[in-house]
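Notes to accompany the following structure.
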Amino acid sequence: MTATLDWNHADAATAAILNDSSSAPRADKMAGWLSTLLPQHDDELTVALLMDDRPSPVPATTDPASDAFAATPTEMPSPIRSLRRKESPITTFGRITGLLKWEGMVTNVSDGEFTAELTPMNHDGPIVEADFSFDRLPDSEHAEIHTGTNFYLAVREVAGLRGGKHFTSSIKLRRLGTWSQDTVDSIRERAAKAYRESLKYIE
Amino acid sequence: MHVGDHKWLMIDSCKEQRTGRNIALDYLRSIGVDIAKDIVMIVATHAHDDHFAGIADAFEQATAAKMVVSSALSREEFFVLMESDAVAASQYGLRRSAYSEYRRILQISERRFKSGDGGTIPMIKAMESRQLLQMPGSATAPPVDVWSLSPSDMSVQRAIAKFVTACPVADFPVRRSHLDPNDCSVVVRVRIGDIVILLGGDLPTGPAGCGWEAILASATHTPASVIKVPHHGSVTSHHDRMWDELLDEQPVALIAPFRAGRKRLPAKDDLERIVLKTPHVYLTARTDLPAKRRAVTATADRVASLAREVRDPWGDVGQVTARRKPAASEWTVWTRPPSYRIGHSVGRRR
């Protein structure tokens with residue numbers, strides 16, 4: 001989920017942090033800047049910052065809603081160059097401190113949703129059933145969901161900058177490749193042989 | 001099913017999901033049954049986990065038993081599906097499927113055939129109107145005969161057509177086929193003296209030439225006094241003529257609920273429909289989901305952003321026992337919790 005940035009305070013907050021000459025660690029200064037811009041969320045919160053140590057010539061009259069901010073040279077290594085737009089893919093800012101994975105197998109598909117059995121892969125836990133909306137998958141993957149489809153479900157625990165904890169989760173379909181002609185031929189040959197043998201012991 | 005003289009039939013199998021134990025075998029051992037010698041026949045009505053899980057283990061241990069499977073599964077097209085499933089599972093590390101259970105059954109049968117005298121065929125194909133077993137009576141037990149009433153020829157032909165479309169094709173994606181085996185489910189009719197029991201598998205109602213439609217179109221049968229209600233009481237397997245023509249008036253109806261998936265069976269209206277047919281309706285467990293364990297709640301919290309209704313549908317396994325002496329006029333039925341009789345509290349006798 002993407003946080004909604006409070007652009008109204010961007011200018012003042014940015015100026016404040018750029019003029020902050022305290023000896024506080026850079027990360028804490030950044031965290032302070034973020035906290036004035038971002039409303040608190042209880043669920044997952046992901047923001048990306050692009051930072052580098054090269055000076056960047058940012059026009060002083062840049063609109064706060066654009067990708068760049070007005071900046072003046074400071075003793076900080078570099079100003080923030082841009083913030084990703086909320087519809088852009090974003091990466092987690094923080095440290096992954098835990099990962100839970102399940103293997104899912106679709107057991108039923110109905111209008112707009114599917115049911116799957118989830119088996120823990122890397123931790124102790126019960127096998128459960130759960131329902132998933134097709135909205136959770138890209139449109140291009142909907143046609144691949146049918147009974148028997150396998151997928152991975154991952155939940156990552158992310159330690160935030162200011163000590164909080166967030167979770168991000170994802171579903172990834174398992175793609176099993178395509179059949180080669182050689183494999184298909186050998187399958188048919190083995191099946192035919194097994195079938196002929198079975199005629200002796202099945203009446 | 002005890003058929004007299006310490007001989008048993010086993011219709012389907014299941015595993016207790018939380019422990020992985022084959023509870024049918026555990027029960028039989030607990031009452032002193034010698035699994036190796038006393039089970040004379042095992043019938044796999046169809047390859048859904050709630051009927052099929054653990055059946056290969058049972059067959060392996062029941063060394064005197066003949067194995068009965070739907071005739072649809074003895075076709076070459078099905079062998080292609082089995083083989084492709086094995087390749088996909090091996091190549092991609094997939095979990096075991098019903099196909100792997102069936103492959104084991106075939107391996108056990110082949111081994112037994114080769115190690116035996118060559119005259120004893122360990123597997124039988126079930127199809128409409130086929131006698132599977134006949135036991136002459138004795139001083140202590142009446143004669144027994146066991147018949148399969150399905151699948152019909154048309155059901156098998158339809159199944160083969162589906163198998164063909166699911167077979168692997170070069171340059172197409174590798175997929176596990178997941179065909180619905182209910183259409184070729186085996187319905188078993190057991191006659192012990194004058195007593196008839198009908199086990200409905202998960203056979204659906206039709207279409208014409210298939211399912212219960214096909215059974216009712218064939219020869220008439222002596223009505224049964226006990227019915228294992230097909231497909232967990234679902235309306236998709238309900239046929240009024242089955243109740244009117246194949247069963248006694250007010251038979252003992254046994255239902256095993258199905259809790260996995262979104263639609264739990266039997267639904268409320270299924271039970272209302274069935275109790276209109278007979279007041280003697282027994283369920284082996286409640287249809288409601290069991291109370292959530294802490295571990296399930298923790299899982300639900302973790303995956304809440306993606307998944308809804310996280311649940312553990314597997315609860316404790318109940319048991320319904322129906323007993324009748326050959327000369328008796330009615331059945332005596334016991335329930336062991338969580339099984340119960342509709343309209344009665346747990347534990348009462350009929």
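No side-chain N or O of B:S150 forms a donor-acceptor pair with one of B:E128 less than 3.5 Å apart. Looking only at atom types and distance, the side chain of A:T183 has a donor-acceptor partner in the side chain of A:S180 under 3.5 Å away.
Neither the backbone nor the side chain of A:L199 comes within less than 4.5 Å of any heavy atom in chain B. Heavy atoms of B:R294 lying under 4.5 Å from chain A are absent altogether. Using a 4.5 Å cut-off between heavy atoms, A:T149 does not touch chain B at all. Proximity to chain A (any heavy atom under 4.5 Å) is shown, for B:V69, by neither the backbone nor the side chain. Interface residue B:A260: backbone and side-chain heavy atoms are both found under 4.5 Å from chain A. Residue contact with chain A, scored on non-hydrogen atoms closer than 4.5 Å, involves the backbone of B:R75 exclusively. Only the side chain of B:K66 comes within contact range of chain A, judged by heavy atoms closer than 4.5 Å.
Aromatic pair A:F132/A:F151: ring centres closer than 6.0 Å. With ring centers used as reference points, B:H232 lies 6.0 Å or more from B:H48.
Ranked by heavy-atom pairs shorter than 4.5 Å toward chain A, the options B:T299, B:I124, B:V296 are led by B:I124.
Contact of the B:V87 side chain with the A:R190 side chain is registered, since non-hydrogen atoms from C-beta on lie closer than 4.5 Å.
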